[in-house]
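Notes follow the structure.
In this chain, numbering begins with 1 at the start of the sequence shown.
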Amino acid sequence: MFPTKVKRLLQFRNTLWGCAHCSRLVLGIETSCDDTGAAVMDETGKILGESLHSQKEVHLRTGGIIPTVAQQLHRENIERVVQEALERSHVAPSRLSAVATTVKPGLSLSLGIGLDFSLRFVRQHNKPFIPIHHMEAHALTVRMHLPVPFPFLVLLVSGGHSLLAVARGVDDFLLLGHSLDEAPGDMMDKVARRLSLIKHPQCSTLSGGQALELLAKDGDRSRFPFRTPMGQTYDCCFSFAGLRNQVNMAIMKKEAEEGIEQGTLLSCVKDIAAATQHTVACHLAKRTHRAIMFCKENGMLPSSNPILVLSGGVASNEYIRKTLSIITETTGLHLLCPPAKFCTDNGVMIAWNGVERLREGKGILPPNVDVCYEPKALLGVDMSAEVRAAAIRLPSVRIKIHN
Ligand code: KG4
Ligand code: ZN
């Protein structure tokens, strides 16, 4: 008979390599911001069971994410969400090959709940642990449905991030640009709050970005000609704080003109929404256009069928997708976006990242390992200085989209 320690080691090796006939199964867990998500997936990318608890409505009522509130809601829901994903998949913990969990970047208090839960889980069930970078997961989600080969260019836009990177492998990214201040989703959430869109009958349950997209459909963007940020900076970084300031100034001016208090719906909300959405889209498009030109000049993308992947919560915006498609058509790239459901945070994308890493044997840790979360973490190797030094000037492209 083997001593217990050897038996546990053999069990660990079996779960890692699996048997020849059964697909390996991964449990993915996400708690980096305001969604508690879990999913069980097999090695082919088939979702066997999933569960998602969104905190959106609570944060809408409190006027933004309060980290201690997000932490408490994750704490109250994580066990149930994981249990639900396992039950729906009819998979017992003993059959899992690994547990993959977001450990960076994100809100410390939120990341901590998912990580503590996962470490207890992997120790209890003696399973390998795969720490996940949240933005890596957003970048790879598209490969769950389509066999997109590396390398490809990726634009990730969410409530916490905006970045452009070349994905060269599952854990191999070159970062071309990132946000210098706030993220586009965060900025749109703040504008929506400033406009009190929660009081708008059509928008009371929508995130800021969703609310602006809906209202913009009937708005006239030309009534508020906001300046596209960073016009004189020839790199691929982003800035949204200045644009938010421009929008706030316009709102204040209109409130004064209409003689109404802050907190009352303006008559021109639709026009402000349309102009804000358009300027966000143009800023993303221009930085992406420069990234494409940089990649072409440096042979960083394949010459045949080069691909731009657009993902993250803000990527569910149709107007932004259409704007980016004008850039890809102009430059000869092919634009791919995961379905909107998988652009926003969920456990499935974390499980898929776990599958990708398990297949390649990358970053798989034993159950007793100590892992810390990291609230801030760049994705890949930072090349933004090289991009800035290249100072690429853009040809003008006409962005005209009909609602
Ligand atoms: O990726 P995600 O679910 O969470 C983060 O990792 O941040 O993205 C959430 C963000 C929110 O800021 C939300 O306003 C934005 O994505 N968002 C949208 C749309 N749907 C969600 N922004 C613009 N248009 C949308 N349709
Ligand atoms: Zn996200």
Side-chain angles (χ1 to χ4, degrees), residues 138-139 142 152-158 161-166 175-188 191 209 212-213 216-217 219 221-222 224-244 246-247 273-297 301 306-338 340 343 384 387-388 390-403:
H138 272 307
V142 70
F152 56 85
L153 181 63
V154 59
L155 169 62
L156 301 179
V157 276
S158 69
H161 300 271
S162 54
L163 65 85
L164 275 158
V166 178
L175 185 64
L176 305 181
H178 52 88
S179 180
L180 302 176
D181 39 55
E182 54 199 56
D186 187 25
M187 181 256 169
M188 291 169 103
V191 166
L212 291 182
E213 178 172 25
K217 287 190 166 76
R221 67 177 170 81
S222 67
F224 294 93
F226 298 132
R227 237 172 312 106
T228 305
M230 298 180 79
Q232 302 305 312
T233 313
Y234 305 107
D235 64 12
C236 291
C237 286
F238 305 88
S239 165
F240 292 94
L243 174 58
R244 179 159 59 86
Q246 286 187 67
V247 179
T276 305
Q277 176 179 258
H278 176 75
T279 316
V280 167
C282 285
H283 184 38
L284 297 175
K286 287 192 169 164
R287 309 328 266 185
T288 306
H289 193 167
R290 182 169 289 111
I292 291 171
M293 289 175 70
F294 182 83
C295 287
K296 284 189 172 179
E297 281 179 15
L301 293 175
I307 286 167
L308 169 68
V309 168
L310 171 61
S311 192
V314 177
S316 34
N317 184 294
E318 283 299 327
Y319 190 92
I320 290 173
R321 287 185 182 209
K322 281 185 199 156
T323 308
L324 266 301
S325 74
I326 294 175
I327 300 300
T328 48
E329 274 161 30
T330 310
T331 51
L333 264 73
H334 191 62
L335 177 66
L336 294 176
C337 311
C343 282
S384 52
V387 177
R388 194 168 313 119
I392 297 170
R393 302 292 207 270
L394 296 177
S396 83
V397 176
R398 204 168 116 82
I399 309 282
K400 186 142 183 64
I401 292 160
H402 301 286
N403 286 332

Please find the pair of heavy atoms, one from A274 and one from G219, that lie closest to each other, and give the distance. CB-C, 3.9 Å
Side chain to side chain, L243 and M230, heavy atoms closer than 4.5 Å: no
Show your reasoning for whether side chain to side chain contact (heavy atoms under 4.5 Å, CB included) applies to I307 and V142. CA-CA 11 Å; I307 286 167; V142 70; over 6 Å; no
In the structure I gave you, are the side-chain heavy atoms of I399 and K286 within less than 4.5 Å of one another anywhere? no
Test of understanding: with salt bridge (Lys or Arg N to Asp or Glu O under 4.0 Å), list the residues that count as partners of R388, not counting sequence neighbours. D235
Please give me the minimum heavy-atom distance between P395 and M293, naming the atom from each residue. CD-SD, 3.8 Å
Do P229 and T279 come close enough that some side-chain heavy atom pair is under 4.5 Å? yes
Stepwise side chain to side chain contact (heavy atoms under 4.5 Å, CB included) check, H161 with L156: CA-CA 7 Å; H161 300 271; L156 301 179; 5.9 Å; no
I'd like a table of donor-acceptor pairs (distance under 3.5 Å, sequence neighbours excluded) in which one partner is a side-chain atom from residues 179-188, with atom names and distances.
residue, atom, partner, partner atom, Å
S179, OG, D181, N, 3.3
S179, OG, E182, O, 2.6
D181, OD1, F240, N, 2.8
D181, OD1, A241, N, 3.2
D181, OD2, S239, OG, 2.7
E182, OE1, R244, NE, 3.4
E182, OE1, R244, NH2, 2.8
E182, OE2, R244, NE, 2.6
D186, OD2, K190, NZ, 3.1

Specify the closest pair of heavy atoms between C343 and A315, including all atoms of both residues, with the distance to one decimal. SG-CB, 4.0 Å
Measuring only between side-chain heavy atoms, which start at C-beta, is L284 closer than 4.5 Å to L310? no
Rounded to the nearest 0.5 Å, how far does OG1 of T288 lie from CG of L153? 7.0 Å
Determine whether L301 and I292 make a side-chain contact, defined as any pair of heavy atoms from C-beta on separated by less than 4.5 Å. no
Gap separating the CD1 atom of I320 from the CD atom of Q277, nearest 0.5 angstrom: 6.0 Å
L164 CG to L308 CG distance, which is reported to the nearest 0.5 Å: 8.0 Å
Quick check for you: to the nearest 0.5 Å, what is the distance between R227 atom CZ and Q246 atom CD? 4.5 Å
Distance in Å, F294 CZ paired with S384 OG, rounded so as to fall on 0.5 Å steps: 10.0 Å
Sorted by chain and number, sequence neighbours left out, side-chain hydrogen bond (donor to acceptor under 3.5 Å, both in side chains) with R290 holds for none
Show the nearest heavy-atom pair for residues R321 and L335, with the distance to one decimal. O-CD2, 3.6 Å
Any side-chain heavy-atom pair of Y319 and L212 under 4.5 Å: no
With rounding to the nearest 0.5 angstrom, report the CG to CG distance, N317 to L324. 10.0 Å
S162 and H283: CA distance, side-chain angles, deciding distance, side chain to side chain contact (heavy atoms under 4.5 Å, CB included) verdict: CA-CA 11 Å; S162 54; H283 184 38; over 6 Å; no
